[in-house]
Protein chains: 2
Amino acid sequence: MDEQKPTYEALGVSSQKEDVHDAIKHEDGGLFPDAFCKIIPDIAQDPTYCSLVHADGAGTKSSLAYMMFTETGDLSYFNGIVQDSVVMNVDDVLCVGADSSFLLSNTIGRNKKLISGAVIKTIIHAYETFLHKLRDMGLPISSCGGETADVGDLVRTLIVDSTLVARMKRQDVITAKNIQPGDVIVGLSSSGKTNYEDVEYNSGIGSNGLTLARHGLLNHQYYSKFPECHSPEIEEKWTFFGQHSLHDKVPHTNLTVGEAILSPTRTYTPILLDLFKSHRPELHAIFHNTGGGQTKCLKFGSNLHFVKNDLLPLPPLFELIQKSSGTDWSEMYRVFNMGHRMEIVCSEGFAQNSVLKIAKKYDLEAKIIGHVERVENAPTSKAHGSNRLTIESPMGTFNY
Amino acid sequence: MDEQKPTYEALGVSSQKEDVHDAIKHEDGGLFPDAFCKIIPDIAQDPTYCSLVHADGAGTKSSLAYMMFTETGDLSYFNGIVQDSVVMNVDDVLCVGADSSFLLSNTIGRNKKLISGAVIKTIIHAYETFLHKLRDMGLPISSCGGETADVGDLVRTLIVDSTLVARMKRQDVITAKNIQPGDVIVGLSSSGKTNYEDVEYNSGIGSNGLTLARHGLLNHQYYSKFPECHSPEIEEKWTFFGQHSLHDKVPHTNLTVGEAILSPTRTYTPILLDLFKSHRPELHAIFHNTGGGQTKCLKFGSNLHFVKNDLLPLPPLFELIQKSSGTDWSEMYRVFNMGHRMEIVCSEGFAQNSVLKIAKKYDLEAKIIGHVERVENAPTSKAHGSNRLTIESPMGTFNY
């Protein structure tokens, strides 16, 4: 492996999306600028309600599903991609406390020469199946169909995006405004096995950092084997520069590398719905550690110092990614969720008496992983730039 | 040019989307299966209302905007792409008669190595500008932000998709069920200049058939000049196999070939809103000639014979595409709108007294281009497969 260390930038991805944030900085922040998602006035024009339209997708994980399908002939890898695409929306929108009415639409873009009708059929069926599962968990979500476009001149293999529409009472909205110094941060594990998931073991990868995970784990045989799965604009030395085949085992798990990176993104729907039922005012903030990984919290509130000093054990896949790719640990925490993908900010008493108990009910590993302090001597500022984050981990202490 | 004639299939696009339709054939058709868009129960749970979530985008037109930007340095080509992406949704949803409440979200996927922050900024600004224009036309549409993802391993250049949410009274929904034998079809021109558009002249291309338009018009110099703008899975002989440079003039227009294929998709918002105001029950059906071009009507109603025998003059760009690409005329009508992108099915009297007069108010060329007959001796069938379409044009008579 090259002596240099890769950065997410070198792979053509900005984990912090600086230029995107610059592009939208003059955009209207909506009704609740401190909320996790943009919230707008109600589509039904009821002033006591509000609406959300949220877009996200499976990202480059679909490219990996295509690789595994090509190697094994197993269409079911695309089921997980659909779950990824849906959960990336649902769990974002749950962070603001929405729980009453959801509509979901999809946008699928394919290279028809590589992605057959059978794949599209699998994907569309998987949407129906997964929405059914979410309804069984108590989430009132309906399917609105979607659009499948043949756009081989744009899409190398397959894109699976979703858009989620929600509506809720304004008084129910959870924003970061209620965070109090002294609050604790509960981390909900992204890996392992809950009692509401079908998989034997979830690697915890979610749907973020997949570009680094794919290129940093997989070895260079895939460069020529799957030219349709990498951008030719990325230097060859950073394309599939890892140490593994798709079929190698991930240590301490029963999964292959391919299976582990394709672990479907866990939803936290059952736990969050339970919390909303009777404890809404106790939830000071909920953060979904997606783009930006463990640094996501920095974008909400002001003059807050998030201290994460007792993280959940690092799931084996993240350790393997670091080892195989040589990525700095501080970058690892900026790109991946590293073990917990959902954070609940609340009082310590509420965490102990409610959040951890409800998580236990679902066999979901959870613990208090840190707390929030006021940034001392900070200039009075409303900007998120006044926030700080310290991660103290066995891999070192990192300040963001 | 090759003696063979290209088909849209050879270019990796199914104009009829057979396998997509096969994949969704068991999907719930919604509350009004005869409506142009899928309509679902109201998100606000009012039984007298219904909701729509609609997804579409600029398709491969964004790849062409990238080419023109690369050749000229002019960022403004991306403004048109945004209009394409929005109008492909708005005008679809107007076909069911929605006019009271719209929310729009976007999903942008880019290859960060090729698409800079300045391009993203242009695109996001263009969304705000164009939604403002739509509001000026009387459409109550709000922006909900969106998602920009760096996915170079999936996207060769740029994808600009949008999702539109609407809500309306159930009693206001327009479906194809009201079509009567003897009804006429009014075609609303896709080309020229209306008094509500900024462009000097719109080529009429819209956002469909762009794969054939690009490859069939542009010559082979672009094969090696823009490898990032074509799918390597398509045979080289069908990749940029046309006769023109981006900078050649389109005969009878002041536009270059590049400008003409990038003409922003015209919206019919002002005319349709005017018609909805007082004439809703007279509108027996509205068809947006998008994927499938002039054959779109075949997908709605049953036992109907659509006869289009007095089409608007063919805009010069479509003639040039046919000449440059050698595409069969019958295929041309199946891929492109060929002159009118919106069809209103109504009584002849209503067409003369209202539709044509309202179109005139906006300097929009319109005429009765055909009529609807009952298919004689047809087996009683609810399936759209029982429909027929005859196009009688100076280029020949075509039966679908």
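Computed over heavy atoms, backbone and side chain alike; hydrogens, waters and symmetry mates excluded. For clarity, every value in this text was computed on a predicted model and none was experimentally measured.
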Trainee: Against chain B, label A:I120 side chain, backbone, both or neither, depending on which of its atoms sit under 4.5 Å from a heavy atom there.
Mentor: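 For A:I120, backbone and side chain are both near chain B.
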Trainee: Who among A:D56, A:L52, A:D42, A:T157 has the most heavy-atom pairs with chain B under 4.5 Å?
Mentor: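 Result: the option with the highest number of such pairs is A:D56.
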Trainee: Of the backbone (N, CA, C, O) and the side chain (C-beta and beyond), which part of A:L114 lies under 4.5 Å from a heavy atom of chain B, both, or neither?
Mentor: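 Only the side chain of A:L114 comes within 4.5 Å of chain B.
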Trainee: Report which part of A:D46 has an atom under 4.5 Å of a heavy atom belonging to chain B: side chain, backbone, both, or neither.
Mentor: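 Contact with chain B involves no heavy atom of A:D46 at all.
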Trainee: For atom NE2 of A:H125, is the number of surrounding heavy atoms from other residues, nucleotides or ligands below 6.0 Å larger than 12?
Mentor: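 Atom NE2 in A:H125 is not packed in, count stays at 12 or less.
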Trainee: At a 4.5 Å cut-off on heavy atoms, which part of A:A118 comes close to chain B: side chain, backbone, both, or neither?
Mentor: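 Contact with chain B is absent: no heavy atom of A:A118 under 4.5 Å.
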Trainee: Supply the atom-to-atom distance A:N111 CG to B:S231 OG, rounded to the nearest 0.5 angstrom.
Mentor: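 Going from CG on A:N111 over to OG on B:S231, the span is 4.5 Å.
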Trainee: How close do B:K38 and A:S143 get, counting heavy atoms only, and between which atoms?
Mentor: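 In this case the closest contact between B:K38 and A:S143 is NZ-O, 3.5 Å.
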Trainee: Tell me which of these, A:R167, A:E228, A:R110, A:H230, has more heavy-atom pairs under 4.5 Å with chain B than the rest.
Mentor: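 The option with the most such pairs is A:R167.
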Trainee: What closest approach, in Å, do B:G59 and A:V151 show between heavy atoms, and which atom pair accounts for it?
Mentor: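 Looks like CA-CG1, 4.3 Å.
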Trainee: Let me know if B:S100 has heavy atoms under 4.5 Å from chain A in its side chain, its backbone, both or neither.
Mentor: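 Only the backbone of B:S100 comes within 4.5 Å of chain A.
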Trainee: Name the option with the most non-hydrogen atom pairs under 4.5 Å to chain A; the candidates are B:A149, B:G117, B:S101.
Mentor: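 Most heavy-atom pairs within the cutoff with chain A belong to B:S101.
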Trainee: Does any backbone or side-chain atom of A:H215 lie under 4.5 Å from a heavy atom of chain B? Answer side chain, backbone, both or neither.
Mentor: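 Contact with chain B is through the side chain of A:H215 alone.
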Trainee: Which atoms of B:A58 come close to chain A, meaning under 4.5 Å heavy atom to heavy atom: side chain ones, backbone ones, both, or neither?
Mentor: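 Neither part, no heavy atoms under 4.5 Å.
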Trainee: Specify which of B:H54, B:Q45, B:R214, B:E128 makes the most heavy-atom pairs with chain A at under 4.5 Å.
Mentor: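 Between B:H54, B:Q45, B:R214, B:E128, the count favours B:R214.
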Trainee: Salt bridge check: are A:E9 and B:K112 linked by an N-O gap of less than 4.0 Å?
Mentor: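 Yes.
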Trainee: Hey, what do you get for OG1 (B:T163) to CG (A:L104), rounding to the nearest 0.5 Å?
Mentor: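 The OG1 atom of B:T163 sits 9.5 Å away from the CG atom of A:L104.
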Trainee: Roughly how far apart are B:I40 CD1 and A:L103 CG, rounded to 0.5 Å?
Mentor: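 That separation rounds to 4.0 Å.
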Trainee: Quick check: closest heavy atoms across B:V53 and A:S105, and the distance to 0.1 Å?
Mentor: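 Closest heavy-atom pair between B:V53 and A:S105: CG1-CB, 3.4 Å.
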Trainee: Can you measure from CD (B:E147) to CG (A:D92) and round to the nearest 0.5 angstrom?
Mentor: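 Output value for this atom pair is 8.0 Å.
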Trainee: Between atom CG of A:D153 and atom CD1 of B:I234, what is the distance when rounded to the nearest 0.5 Å?
Mentor: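 Going from the CG atom of A:D153 to the CD1 atom of B:I234 covers 7.0 Å.
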Trainee: What I'd like to find out is whether the side chain of A:I159 reaches to under 4.5 Å of the side chain of B:I159, using heavy atoms alone.
Mentor: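 They are in side-chain contact.
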Trainee: Roughly how far, to the nearest 0.5 Å, is CG of B:L154 from OG1 of A:T60?
Mentor: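 With rounding to 0.5 Å, OG1 (A:T60) is 6.0 Å from CG (B:L154).
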Trainee: So which heavy atom on A:I43 is nearest to which on B:I43, and how close?
Mentor: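 So the minimum-distance heavy-atom pair works out to CG2-CG2, 4.0 Å.
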